[in-house]
Asks: 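The structure that follows is given in the form of C-alpha cells.
Numbering starts at 1 and runs along the sequence shown.
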Amino acid sequence: MRTATLGPAERAESLASMAERELDVLVVGGGVVGAGTALDAVTRGLSTGLVEARDWASGTSSRSSKLIHGGLRYLEMLDFALVREALKERGLLLEKLAPHLVKPVPFLYPLQHKGWERLYAGAGVALYDAMSMAPGHGRGLPVHRHLSRRHALRVAPCLKKDALVGALQYYDAQVDDARFVTALARTAAAYGAKVANRTRATGFLREGERVVGARIQDVEGGGEYEVRAKQVVNATGVWTDDTQAMVGERGRFHVRASKGIHLVVPKDRIHSTTGLILRTEKSVLFVIPWGRHWIVGTTDTDWDLDKAHPAASSADIDYLLEHVNSVLAVPLTRDDVQGVYAGLRPLLAGESDATSKLSREHTVAHPVPGLVVVAGGKYTTYRVMAKDAVDEAVHGLDARVAACVTEDTPLVGAEGYRALWNARARIAARTGLHVVRVEHLLNRYGSLAEEVLELVAGDASLGRPLQAADDYLRAEIVYAASHEGARHLDDVLTRRTRISIETFDRGTRSAREAAELMAPVLGWDEGRIEREVQHYEKRVEAERESQRQPDDLTADAARLGAPDIIPL
C-alpha cells in the first residue's frame, strides 16, 4: 500500500492520470458514499477515479449528527432489516475499520410514564442490543441498563426532576463525519485510486446511448479534462437529480432534501455524564457529547432552496432550544450557542409529504448503459451502499471482478492505532507534548499521528496550539494542506478541524494564523492569504445573518450573501 498523501502534487498527478487512460470506474461525488464507492472499486482491482466539485464531505457528509447508529426509531417503525444492517456496520467500524475515528457514546432516554413505557422502551432497547450482538455484528458496546429516577439524576443532573420517572441508558457510537470521509478518500488513494477534490463534473461523455465518461473542470486551475471510464457512478447525494439531468434522461427515482440543523454548546452548559435522546412530536432529539462541547439536534424539514449552503433560520434554532429546554433544569439561551450547522439528508422521494416518513433505505439503478446511480441511505450504511453500487457497475464490465473486500479493509490510521494508544504516555515523553495532546492526535489521525508529530519534530513552533483555538496544534493546519487535500481556509476551519462550530467567534480569530500556516504548502502570497481570510469572514457573517432571519426563504437569501470562493 503506497502513501495516502493528498497534497497539491498528488492532486495534480491524479487529474493528469485520469485524463490519460480509460478507467474502469469513475465516481462522481466525494461524500461518504462516493468515497466509499471509490475504495470498494479500487480494492477489487479496478482502475478507479474519484472527483468532487467542492471539498471532501462539503455537503451532507460533514453536517450530520455525527452518529454511527442502528437507528432506534427505525426499530419502532419495524424496519428490522435496516436496523440489523446498520448495527452490523457500527460493529465493523468500532472494532475493525476505523476504531480511531468511531467511538462509543452513552445515551440516556428519560421515561415519562410509569409502568408501560419502561416495558415498551425497555423491550425495544433490549432488542436493539440483541441485534447488535448477533453473530458477525460486533460486541463492542456495553448493554443497556434500567435506571431509577434518582440514579438517572445522578448520571444527568441537568435534567428537571419532574421531566422523568426513570430512565434507560444504552450505547451507540459517534464519528467526526468529515474526517472520516477524508480518511476514506486517502485509503482509496493508498490502494491506487486517482482522487481529486475541487473538480466539477460538467457533463457526461456519450457514445450513442452509452455513457463513456465525464467532462471534468478543474475548479482550482481552470483546466478541462475528458475522463473516460467503462462505468460512471453518480454518488452525488442531494444533487442526484441535478447530476442525472446532465444525461438528458429521466431518472428512475427522485431524491428529496430534508434539512436538519444542529447547535453546538460548551460542555459546562449541560451538566451530564451521558448523552440524551428525547422524543419530539415528529422524531427524536439528541444531545450528543462532542469533546468539550455538546451537539443538540436535529430538525427535519423539507428544503428546496440552495443545496450547497442550507441555512439555519431563527425559527430552527428556537425549535431546538424549546425542545431541549423542556427537560433541562437550567435552560439554554441563544448566548450559549457556540456554533450552528445545517445539512441536507438525501431521502428517496415517496408518497408521504412528511420528510421524516420518507425512506432512509438506499437504491441503486442503471438508468442508461455505463451509468450507475446510488442514492438514499444513511451515513452508517455507506459501505453497503458502496458495495451495491460497485456490484451494479461490475455488471457492465466485460471481465470477472473480485468480490467486495471492504469489510476487511481498515481505513488509514486504523492499523497500529491501539498499540500507539497504549504507548501514548511514552509518545508524550518523547515529543514533549502533554499526554492529552497525544490522545487528541491519536483520536483524529490514528497511527498517522506520527506524520503530524514529524512536522513538530522539524519545527517546534508547530507543536504550539492555535492562539484562538487551543484544542488544535498548528501542525494540524499544515498537515491538512500537505496531506489531507485541504485547498482553502474554509476546508481547514470547517472540516479538517471543527473550529468553525467549536468557538464563539466561529473561527474568525484563527483565520489569519491558519491561512499563514497553509500558505507555504499551497504557494499562497500575501494577496491570496488576505482573500482567503476575507472570504471566510464574509461566510461567517452571512451565516450569522441567516440565523437571525425568521424563515427558510429569508435565511437562504442571507446565507447566499457570501459567494463561494473562486481561486485567482
Asks: Report the distance from atom CG of L97 to atom OG1 of T406, rounding to the nearest 0.5 Å.
Replies: 7.5 Å
Asks: Please determine whether a side-chain nitrogen of the Lys or Arg among E532 and R539 lies less than 4.0 Å from a carboxylate oxygen of the Asp or Glu.
Replies: no
Asks: Consider only side-chain N and O atoms of Y379 and E89, and report whether a donor and an acceptor are under 3.5 Å apart.
Replies: no
Asks: What is the minimum heavy-atom distance between A514 and L493, and which atoms define it?
Replies: CB-CD2, 4.1 Å
Asks: So, E530 and H535: side-chain donor and acceptor under 3.5 Å apart, yes or no?
Replies: no
Asks: Between the side chains of E513 and R474, is the shortest nitrogen-to-carboxylate-oxygen separation below 4.0 Å, so that they form an ion pair?
Replies: yes
Asks: As an exercise, state the distance from CG of D40 to CG of D391, rounded to the nearest 0.5 Å.
Replies: 7.0 Å
Asks: With Q231 as reference, evaluate H395, E392, H366 under the side chain to side chain donor-acceptor pair (under 3.5 Å) test and give the passing residue.
Replies: H366
Asks: Does the side chain of V372 come within less than 4.5 Å of V232's, by heavy atoms?
Replies: no
Asks: Going by an N to O cut-off under 4.0 Å, is there a salt bridge joining E450 and R430?
Replies: yes
Asks: Distance alone, cut at 3.5 Å: any donor-acceptor contact between the side chains of T380 and H69?
Replies: no
Asks: Would you say R200 and I216 make side-chain contact, with heavy atoms under 4.5 Å?
Replies: no
Asks: Report the distance from atom CD of E439 to atom CG of L433, rounding to the nearest 0.5 Å.
Replies: 12.0 Å
Asks: Flag the pair D304 and K259 as a salt bridge only when some basic side-chain nitrogen lies within less than 4.0 angstrom of an acidic carboxylate oxygen.
Replies: no
Asks: Under 4.5 Å between any side-chain heavy atoms of W239 and D242, yes or no?
Replies: yes
Asks: Taking all non-hydrogen atoms of both residues into account, name the closest pair between L50 and A185 and its distance.
Replies: CD2-CB, 4.5 Å
Asks: Is it the case that the side chains of S65 and T298 hold a donor-acceptor pair, with the cut-off being a distance below 3.5 Å and no angle test?
Replies: no
Asks: Without swapping roles, check the side chain of R506 against the backbone of I499 for a donor-acceptor pair under 3.5 Å.
Replies: no
Asks: To the nearest 0.5 Å, what is the distance between CD (E484) and CG (L6)?
Replies: 8.5 Å
Asks: Before giving the answer on salt bridge (charged side-chain N to carboxylate O under 4.0 Å, His left out), spell out for R531 and E537 the whole-Å C-alpha distance, their side-chain angles and the decisive distance to 0.1 Å.
Replies: CA-CA 10 Å; R531 287 196 298 276; E537 290 172 344; over 6 Å; no
Asks: Are R424 and W421 in a cation-pi contact, defined as NZ or CZ under 6.0 Å from the six-membered ring centre and within 45° of the axis?
Replies: yes
Asks: Would you find a donor on one side and an acceptor on the other, under 3.5 Å apart, between the side chain of S17 and the backbone of E13?
Replies: no
Asks: So does G7 get a backbone contact from the side chain of S482, meaning a donor-acceptor N/O pair under 3.5 Å?
Replies: no
Asks: Any side-chain heavy atom of V390 sitting closer than 4.5 Å to one from V25?
Replies: no
Asks: Is there side-chain contact between L348 and T363, with at least one heavy-atom pair below 4.5 Å?
Replies: yes
Asks: Taking the ring of H440 and the ring of Y472, is the distance between their centroids below 6.0 Å?
Replies: yes
Asks: Is there a donor-acceptor pair closer than 3.5 Å between any side-chain N or O of Q217 and the backbone N or O of A201?
Replies: no
Asks: Could you report the tightest heavy-atom contact between L522 and A486, atom names first, then the distance?
Replies: CD1-O, 3.8 Å
Asks: For the residue pair H362 and D388, confirm or rule out a side-chain donor-acceptor distance under 3.5 Å.
Replies: yes
Asks: Take L560 and D306, measure what side-chain contact (heavy atoms from CB on, under 4.5 Å) needs, and give me the verdict at the end.
Replies: CA-CA 8 Å; L560 293 179; D306 181 70; 3.6 Å; yes
Asks: Does a side-chain N-to-carboxylate-O contact under 4.0 Å join D24 and K230?
Replies: yes
Asks: Just by distance, do the side chain of T381 and the backbone of G377 share a donor-acceptor pair under 3.5 Å?
Replies: no
Asks: Please walk me through it: do W56 and R496 pass side-chain contact (heavy atoms from CB on, under 4.5 Å)?
Replies: CA-CA 10 Å; W56 306 122; R496 303 305 183 280; 3.8 Å; yes
Asks: With distance as the sole criterion, is a donor-acceptor pair present between the side chains of R559 and S546 under 3.5 Å?
Replies: no
Asks: Cut-off 3.5 Å, side chains only: do T199 and D218 have a donor facing an acceptor?
Replies: no
Asks: In Å and rounded to the nearest 0.5 Å, what is the CZ to OH distance from R63 to Y341?
Replies: 10.5 Å
Asks: For residues G31 and E52, report the shortest heavy-atom separation together with the two atoms involved.
Replies: N-OE1, 4.3 Å
Asks: Checking R498 side chain against T494 main chain: does a donor-acceptor pair fall under 3.5 Å?
Replies: yes
Asks: Would you please test V238 and W303 for side-chain contact (heavy atoms from CB on, under 4.5 Å) and show each step?
Replies: CA-CA 10 Å; V238 294; W303 179 265; over 6 Å; no
Asks: Could E224 and R215 be called an ion pair, given the rule that one side-chain N must be under 4.0 Å from one carboxylate O?
Replies: no
Asks: Could you check whether any side-chain heavy atom of I295 comes within less than 4.5 Å of a side-chain heavy atom of K66, counting everything from C-beta outward?
Replies: yes
Asks: I'd like to know if K88 pairs up with E407 as an ion pair, taking the criterion as any Lys NZ or Arg NE/NH1/NH2 lying under 4.0 Å from an Asp or Glu carboxylate oxygen.
Replies: yes
Asks: For the CG atom of L94 and the CG atom of L101, what is their distance to the nearest 0.5 Å?
Replies: 11.0 Å
Asks: Sequence neighbours left out, what pairs pass ring pair (Phe, Tyr, Trp, His ring centres under 6.0 Å) with at least one residue falling in residues 443-466?
Replies: Y445-Y479
Asks: Are the side chains of L517 and L462 in touch, meaning some heavy atoms are under 4.5 Å apart?
Replies: yes
Asks: Got a sec, which residues hit side-chain hydrogen bond (donor to acceptor under 3.5 Å, both in side chains) with K103, two or more places apart in sequence or on another chain?
Replies: Y417, N443
Asks: Side chains of D177 and S64: is there a donor and an acceptor less than 3.5 Å apart?
Replies: yes
Asks: Kindly give the heavy-atom pair with the smallest separation between A35 and L184, and that separation in Å.
Replies: CB-CB, 3.8 Å
Asks: Among side-chain atoms of E502 and W290, is any donor-acceptor pair under 3.5 angstrom?
Replies: yes
Asks: Could you tell me whether the side chain of T48 reaches within less than 4.5 Å of the side chain of K194, counting heavy atoms only?
Replies: no
Asks: Can any side-chain N or O of S58 pair as donor or acceptor with the backbone N or O of R54 at less than 3.5 Å?
Replies: no
Asks: Check the pair N234 / V374 against side-chain contact (heavy atoms from CB on, under 4.5 Å), numbers first and verdict last.
Replies: CA-CA 6 Å; N234 173 7; V374 56; over 6 Å; no
Asks: Got a donor-acceptor contact below 3.5 angstrom from the E476 side chain to the L473 backbone?
Replies: yes
Asks: How close do T243 and F204 get, heavy atom to heavy atom, and via which atoms?
Replies: O-CE1, 3.4 Å
Asks: Run through R198, R495, R11 and flag the one making a salt bridge (charged side-chain N to carboxylate O under 4.0 Å, His left out) with D55.
Replies: R495
Asks: Judged by atom type as modelled, is there a donor-acceptor pair below 3.5 Å linking the side chain of S447 to the main-chain atoms of E415?
Replies: yes
Asks: Using modelled atom types only, decide if a donor and an acceptor are shared between the side chain of R206 and the backbone of E209 within a distance under 3.5 Å.
Replies: yes
